[in-house]
Amino acid sequence: EVQLVESGGGLVQAGGSLRLSCATSGFRFGEYAIGWFRQAPGKEREGVACLSAYDRTPYYPNSVKDRFTASVDDAKKTAYLQMNNLEPEDTAVYYCVAERALICSPSNLARRILWGDWGQGTQVTVSS
């Protein structure tokens, strides 16, 4: 059974940083793409980072590019999302997601239905 457990959310001032973690189990970590989505109140869930299966090629949308960095620790089967220079607009519940053999692209990150496994989410609140 695929399990994804996020942690590291919290309250931070604008301009600050947070690092989210996603502990995984139940699947061959290297064979799965790892993504990060977020959902703000009243808004659609949107993808903010993706690491492709196998070679971990990254993709970020323009809204977070140069501020967010996704990474993995294969030995720990853990994914991370480093978020710098946070803005109040980044306030949302952040979800870790995984999908077997997926290659990151703008269209793949935009299509939530492609991602079969989701964590429970962790709240990030950025105060102004």
Please examine the side chains of T24 and C22, heavy atoms only from C-beta on, and report whether any two atoms are closer than 4.5 Å. yes
Minimum-distance pair of heavy atoms, taken over all atoms of A40 and A92: N-CB, 3.7 Å
Under the side-chain contact (heavy atoms from CB on, under 4.5 Å) criterion, do L86 and L18 qualify, and how do the steps go? CA-CA 8 Å; L86 283 162; L18 278 176; 4.2 Å; yes
Evaluate the side-chain proximity of Y59 to P106: yes if any heavy-atom separation is below 4.5 Å, no if none is. yes
Does N62 have more than 12 heavy atoms from other residues, nucleotides or ligands lying within 6.0 Å of its CG? no
Answer yes or no on whether R56 is positioned over the face of F29, meaning its NZ or CZ is under 6.0 Å from the six-membered ring centre and within 45° of the axis. yes
How close do D90 and N85 get, counting heavy atoms only, and between which atoms? OD2-O, 4.5 Å
Mark yes or no: R19 above the aromatic ring of Y80, with NZ or CZ under 6.0 Å from the six-membered ring centre and no more than 45 degrees from the axis. yes
For F27, the ring-ring contact (aromatic ring centres under 6.0 Å, His included) test, sequence neighbours excluded, returns Y32
Measure from the side-chain N and O atoms of S52 to the backbone N and O of D55, and report whether any donor-acceptor pair falls under 3.5 Å. no
Take R67 and E87 through the test side-chain contact (heavy atoms from CB on, under 4.5 Å) and record every step on the way to the result. CA-CA 10 Å; R67 298 190 300 122; E87 304 168 351; 3.9 Å; yes
Shortest non-hydrogen separation from A70 to W36 and the atoms involved: CB-CD1, 4.4 Å
What is the minimum heavy-atom distance between A14 and P88, and which atoms define it? CB-CD, 4.1 Å
Pi-cation contact, W118 with R112 (under 6.0 Å, within 45°): no
Supply the atom-to-atom distance L11 CG to Q13 CD, rounded to the nearest 0.5 angstrom. 8.0 Å
In Å, rounded to the nearest 0.5 Å, how long is the span from SG of C50 to CD1 of I34? 9.0 Å
NZ or CZ of R38 within 45° of Y95 ring axis and under 6.0 Å: no
Answer yes or no: is there a donor N or O on one side and an acceptor on the other, between the side chain of E99 and the main chain of G116, under 3.5 Å? yes
Which distance, rounded to the nearest 0.5 Å, do you find between the CE of M83 and the CZ of F68? 5.5 Å
Shortest non-hydrogen pair, E6 vs C96, comes out as OE2-N, 2.7 Å
Point-to-point distance, once rounded to the nearest 0.5 Å, from OG1 of T69 to CG of L81: 8.0 Å
Hey, does the side chain of T78 reach the backbone of D73 with a donor-acceptor pair shorter than 3.5 angstrom? no
Looking only at heavy atoms, what is the nearest atom pair of L20 and G9, with distance? CD2-N, 3.6 Å
Which value, rounded to the nearest 0.5 Å, describes the distance between L114 atom CG and L109 atom CG? 10.0 Å
Does N108 reach the main-chain N or O of I103 with its side chain, forming a donor-acceptor pair under 3.5 Å? yes
What residues form a side-chain contact (heavy atoms from CB on, under 4.5 Å) with P58, not counting sequence neighbours? L51, Y60
Whether the Q82 and N84 side chains hold a donor-acceptor pair (N or O, under 3.5 Å, no angle test) is what I'd like checked. yes
From S63 OG over to E46 CD, what is the distance, rounded to the nearest 0.5 angstrom? 5.0 Å
